[in-house]
Amino acid sequence: MLGGMEEAAHPRDVAFEEALAALGAGPAALSAGEGRALDDAGYVLFRSVVEPAWLEGLRADCDGWGVGVAGDSAQGGNQQMARLGEHQGAVLRALRWPRLLAAVWHVLRRPFALGAVAWRCPRPGLGQQGLHMDWSGPGDPGAFHVVTALWYLDEVTPDNGATRLLPGSHELRRRPPKDLADPARHHPQEVTVEAEAGSVLVFNGHLWHSGTRNRSGAPRRALQCSFVAREHRRMSCTTVDEACGIPPAARHVLGLME
Ligand SMILES: O=C(O)CCC(=O)C(=O)O
């Protein structure tokens, strides 16, 4: 661990916790080791958890959005979804996957809401980012405010645009210094994620991380979604159609009711 700070107390919201439990996302949805990984390293990798038909559905949604390997995007393969509806069933299922919601709760420890949903598919030769965190907004410095998940639709190797992470850096609660935010710079303790297609990386949004260059040109399609503490709901930017079949408990947990 690189630092430490007291967590702020937040009032308990029993209705929210009941909604989580109704979705199978109560405390038992995470193992003790997964909880510890989130606390200490700031991330957890759920390996090969997306079954083949669901994975195919996610790939079809991604390619249909025009950002897959054959598609085009000005930012080297990063495209936000402004609105989700019944045609993105595989994505909607991912957003309410119980182990993801339990991990989000474990980090934020208070009600939250869906933030942004995006596809991220670094094009050959592109994708290198500087180390950064996913939180730049105001907020109580004693609490975490955002959690990010990456659903890997292809195998992730060190060469096709893997995610890099600096374990424990979420506890620093500040963004990386300017020199480290330079995409060309590396931290000696950073690690590069390697994962099978159908794996899900969930990390504390205050963790220093970044995408890396896709040097091999092999596809690395990913669904990226963030969750923000409920008091920051105005930062939510992807909306979900009411008529998309999401059950009420999930709408409540994703902050889609109000
Ligand atoms: O693509 C990745 O592995 C990470 C992407 C990321 O950190 C970002 O887009 O902010």
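Just so we're clear, the structure is a prediction, and the values are computed from it rather than from any experiment. As the structure lists them, so they are numbered: ligands from 1, and atoms in each ligand from 1.
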Go through the steps to decide whether Arg230 and Phe16 satisfy the test side chain to side chain contact (heavy atoms under 4.5 Å, CB included), and finish with yes or no. CA-CA 11 Å; Arg230 190 64 67 93; Phe16 190 89; 3.2 Å; yes
Give the atoms of ligand 1, by number and element, whose distance to some non-hydrogen atom of [X] is under 4.0 Å.
X: Gly211; result: 2 (C), 3 (O), 4 (C)
X: His209; result: 7 (O)
X: Thr163; result: 2 (C), 3 (O)
X: Arg220; result: 1 (O), 2 (C), 3 (O)

Under 3.5 Å: N/O of Ser210 near N/O of ligand 1: no
Parallel under 30°, tilted from 30 to 60°, perpendicular over 60°: which one fits the rings of His232 and Trp135? tilted
Do the ring centers of Phe46 and Trp97 come within less than 6.0 Å of each other? yes
Taking the ring of Trp151 and the ring of Trp119, is the distance between their centroids below 6.0 Å? no
Looking only at protein heavy atoms, identify the closest one to [atom] and say how far it is in Å.
atom: atom 10 (O) of ligand 1; answer: His132 NE2, 2.9 Å
atom: atom 9 (O) of ligand 1; answer: Gln129 NE2, 3.1 Å
atom: atom 1 (O) of ligand 1; answer: Arg120 NE, 2.4 Å

Glu171 and Arg173 ion-paired at < 4.0 Å: yes
Walk me through it: do Leu166 and His209 pass the test side chain to side chain contact (heavy atoms under 4.5 Å, CB included)? CA-CA 6 Å; Leu166 183 61; His209 68 280; over 6 Å; no
Is there a side chain to side chain contact (heavy atoms under 4.5 Å, CB included) between Leu101 and Phe227 once you walk through the steps? CA-CA 9 Å; Leu101 297 176; Phe227 299 83; 4.2 Å; yes
Examine ligand 1 and decide if any of its atoms is less than 4.0 Å from a heavy atom belonging to Gln224. yes
Going by the 4.0 angstrom heavy-atom rule, the piece of Val193 near ligand 1 is neither
